Student: 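Encoded as structure tokens, here's the structure I'll be asking about.
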Amino acid sequence: MIVRKNISIDQCYVDKLKPFLEKNNGNLSAAIRNAIETASLALAGRTGENGEKASSKVSQNAEFRNGLIENEEFLLVHHTLLEWLINNTSGLLIDESTIYEIINPYKIKEIPELVSYINSLNEKMGWKIKVDAECSQGSEPETASLTLLNGNSCFREIMAHSLALYLAKQMKLDVQGLFCKSNVTKIYFKRFEFLEFQKVPKGFEEHFGCMESTFQEIQKKPEFWKNLIKTHRQQNYQRLSMQRKTFEAFVSGDLPSIAELRRNFELITGKPPAAFTLAEHIIIFKEIYLTDRIGSDIEICTEKNREYVKLIHDYSDRKVCESITKYYSNVFKSINHSFKVTTSPHMILFEFGKNLVSSNTCPE
């Protein structure tokens with residue numbers, strides 16, 4: 001909150017503010033704020049870690065910030081505006097070159113050096129974030145974790161993103177886990193091997209770049225995606241988004257074979273069906289089903305020996321319901337798990353289990 005008051009100051013007090021005015025390029029408001037902050041710390045009698053008066057350190061940090069602003073390296077940005085910017089770019093990856101403008105990869109080679117540098121920078125910039133690190137022994141640790149304490153949660157997010165990218169590119173540490181609470185952010189890392197240096201590792205992209213590929217596609221064809229989203233919203237998402245070959249199969253009545261569905265699965269996941277457990281298959285199927293929009297909803301259970309998939313649809317025509325049942329039966333046959341299928345108006349239920357025989361229970 002900013003409080004604006006009209007105040008009177010005698011010349012003698014203005015003269016006493018001269019050092020602060022000089023540091024703030026004649027900005028009286030900034031000089032008064034600087035003086036109040038210094039006086040408050042002096043009255044509290046606080047000292048720094050090395051016995052240095054906190055008021056002196058605050059003054060040095062203010063001078064550091066002013067110097068960066070004068071050199072046009074940094075700009076003054078309103079706190080609320082910066083929060084808005086961070087929140088609205090969440091999920092997009094920071095450019096590697098941008099990080100190297102902040103952290104010099106030729107100077108900082110180890111995690112303790114990185115933590116020390118970032119903590120010093122945080123103190124000078126007034127972000128009030130403290131970074132701690134734990135890592136395994138050696139110059140190339142196999143595991144590591146970073147803990148970011150206090151400060152603004154948005155600022156912690158952008159700092160965690162920056163540090164994780166630096167560790168990925170410079171120390172080959174990928175993100176294994178990310179945990180955020182009101183006043184702490186913790187990141188767990190594990191060593192990985194680069195296959196393509198220009199790409200970011202999978203864990204880092206998953207936790208910090210979940211919207212990156214989506215945004216890139218929108219940038220490639222902005223008119224297409226704007227029109228598509230507009231149409232879906234206007235029609236309350238009552239549109240299909242199935243693959244062209246699947247659409248052709250439904251129209252012709254000649255549904256894809258089990259072998260063809262198995263090939264399609266490998267193209268989507270990058271692995272054969274045998275590489276996944278039944279629970280993983282069900283989760284993948286749910287994502288595809290909801291994206292295709294052939295049905296309206298889905299209910300699943302992945303608990304061992306109780307697995308099932310319940311498809312909800314709005315079709316009333318008997319032939320359409322039979323085609324959909326047969327199509328999804330072939331999908332589940334392609335992943336080599338036994339099941340039985342039960343149909344009722346607007347619902348198709350697939351139940352899995354060891355004692356079920358798929359060939360006798362699937363519609364032909």
Side-chain angles (χ1 to χ4, degrees), residues 1-2 24 30 33-34 37 40-41 48-49 54 57-69 71-105 108 111-134 144-171 173 175 177-189 200 203-212 215:
M1 181 179 69
I2 298 175
N24 290 280
R33 287 195 297 270
N34 206 174
E37 189 176 17
S40 176
L41 290 172
E49 293 179 358
K57 183 163 285 190
V58 167
S59 180
Q60 290 174 7
N61 290 339
E63 189 172 350
F64 172 81
R65 291 193 291 269
N66 291 335
L68 292 175
I69 293 170
N71 294 332
E72 298 184 351
E73 285 189 54
F74 285 18
L75 297 174
L76 283 175
V77 179
H78 195 283
H79 184 280
T80 306
L81 179 60
L82 184 56
E83 273 192 14
W84 176 89
L85 183 63
I86 294 172
N87 282 328
N88 284 275
T89 54
S90 181
L92 301 180
L93 295 177
I94 300 174
D95 292 336
E96 185 179 349
S97 59
T98 302
I99 299 302
Y100 296 153
E101 290 290 327
I102 303 169
I103 308 170
N104 189 333
I108 297 176
I111 292 178
E113 294 175 344
L114 177 63
V115 170
S116 177
Y117 171 76
I118 289 297
N119 280 333
S120 176
L121 185 62
N122 279 336
E123 185 178 4
K124 291 175 180 178
M125 296 308 301
W127 279 27
K128 301 178 181 178
I129 300 173
K130 173 71 174 177
V131 181
D132 290 319
E134 295 180 9
S145 65
L146 291 181
T147 304
L148 288 74
L149 296 165
N150 304 322
N152 182 285
S153 59
C154 291
F155 298 170
R156 284 205 315 272
E157 178 185 339
I158 200 72
M159 185 172 295
H161 185 160
S162 304
L163 292 172
L165 179 56
Y166 190 86
L167 290 179
K169 288 293 187 175
Q170 295 298 314
M171 303 183 190
L173 290 169
V175 177
L178 175 66
F179 301 94
C180 302
K181 293 184 179 180
S182 59
N183 66 335
V184 63
T185 300
K186 192 155 189 175
I187 323 168
Y188 295 93
F189 298 89
V200 295
F204 172 76
E205 184 171 15
E206 177 184 339
H207 287 93
F208 291 102
C210 60
M211 293 298 295
E212 182 72 14
F215 191 68

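Predicted model only: the values in this text are computed from it and were never measured.
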Student: Taking the side chain as every heavy atom from C-beta outward, state whether I118 and W127 have any atom pair closer than 4.5 Å.
Tutor: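 Side-chain contact under 4.5 Å: no.
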
Student: Examine distances only and state if a side-chain atom of N152 and a backbone atom of C154 form a donor-acceptor pair shorter than 3.5 Å.
Tutor: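 Between the backbone of C154 and the side chain of N152 there is a qualifying donor-acceptor contact (under 3.5 Å).
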
Student: Partners of T185 by side-chain hydrogen bond (donor to acceptor under 3.5 Å, both in side chains), sequence neighbours excluded?
Tutor: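 For T185 the side-chain hydrogen bond (donor to acceptor under 3.5 Å, both in side chains) partners, ignoring immediate neighbours, are R156.
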
Student: Taking C-beta and beyond as the side chain, do N183 and L149 meet within less than 4.5 Å on heavy atoms?
Tutor: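 With C-beta onward as the side chain, the pair stays apart.
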
Student: Please lay out, stage by stage, how N122 and M159 fare under the test side-chain contact (heavy atoms from CB on, under 4.5 Å).
Tutor: CA-CA 10 Å; N122 279 336; M159 185 172 295; 2.7 Å; yes

Student: For a ring pair (Phe, Tyr, Trp, His ring centres under 6.0 Å) check, start with the C-alpha distance between H207 and Y188, then their side-chain angles and the critical distance, and finish with the verdict.
Tutor: CA-CA 11 Å; H207 287 93; Y188 295 93; over 10 Å; no

Student: Sub-3.5 Å donor-acceptor pair from the side chain of E134 to the main-chain atoms of S145, do we have one?
Tutor: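 No, because the side chain of E134 does not come within donor-acceptor range (under 3.5 Å) of the backbone of S145.
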
Student: Determine whether a donor-acceptor pair (N or O, by modelled atom type, separation under 3.5 Å) exists between the side chain of D132 and the backbone of T147.
Tutor: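 Side chain of D132 to backbone of T147, a donor-acceptor pair under 3.5 Å: no, none is there.
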
Student: Compare all side-chain heavy atoms of F208 with those of V175 and state whether any distance is below 4.5 angstrom.
Tutor: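 Side-chain contact under 4.5 Å: yes.
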
Student: When you compare the side chain of H79 with that of F155, does any pair of heavy atoms fall below 4.5 Å?
Tutor: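 Of all side-chain heavy-atom pairs linking H79 with F155, at least one is under 4.5 Å.
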
Student: Evaluate E96 against V200 for side-chain contact (heavy atoms from CB on, under 4.5 Å), listing each step before the verdict.
Tutor: CA-CA 10 Å; E96 185 179 349; V200 295; over 6 Å; no

Student: Do side-chain atoms of T89 reach the backbone of L85 as a donor and acceptor pair under 3.5 angstrom?
Tutor: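 Checked: pair present.
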
Student: Would you indicate whether the side-chain heavy atoms of Y166 and P105 approach each other to under 4.5 Å?
Tutor: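 They are in contact (side-chain heavy atoms under 4.5 Å apart), so the answer is yes.
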
Student: Going through the checks in order, is the side-chain contact (heavy atoms from CB on, under 4.5 Å) test met by F189 and M171?
Tutor: CA-CA 10 Å; F189 298 89; M171 303 183 190; over 6 Å; no

Student: Could you pull out the closest heavy-atom pair between A133 and V115, with the gap in Å?
Tutor: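 Heavy atoms only, the tightest pair is CB-CG2, 3.5 Å.
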
Student: Closest approach of Y117 and I102, non-hydrogen atoms and distance?
Tutor: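 Minimum heavy-atom separation between Y117 and I102: OH-O, 2.6 Å.
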
Student: So which heavy atom on S90 is nearest to which on M211, and how close?
Tutor: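 Answer, listing the atom of S90 first, then M211: O-CG, 4.3 Å.
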
Student: Taking atom CG of L93 and atom CZ of F215, what is their separation to the nearest 0.5 Å?
Tutor: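 Reported value, rounded in 0.5 Å steps: 12.0 Å.
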
Student: Quick check: do L167 and I187 have side-chain heavy atoms less than 4.5 Å from each other?
Tutor: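 Contact flag for L167/I187 side chains = no.
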
Student: Measuring only between side-chain heavy atoms, which start at C-beta, is L148 closer than 4.5 Å to K130?
Tutor: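 When only atoms from C-beta onward are counted, K130 and L148 do not touch, as no gap falls below 4.5 Å.
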
Student: Does the H161 side chain pair with the main chain of I94, one donor and one acceptor, at a distance under 3.5 Å?
Tutor: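 The answer is yes, because a donor-acceptor pair under 3.5 Å joins these two groups.
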
Student: Is a side-chain N or O of N119 found less than 3.5 angstrom from the main chain of V131, in a donor-acceptor match?
Tutor: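 Flag set: sc N119 to bb V131 pair under 3.5 Å.
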
Student: So, the side chain of S116 versus the backbone of P112: is there a donor-acceptor pair under 3.5 Å, distance only?
Tutor: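 The answer is no, because no donor-acceptor pair under 3.5 Å joins these two groups.
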
Student: Is the CD atom of E113 crowded by more than 12 outside heavy atoms at less than 6.0 Å?
Tutor: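 Atom CD in E113 is packed in, count exceeds 12.
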
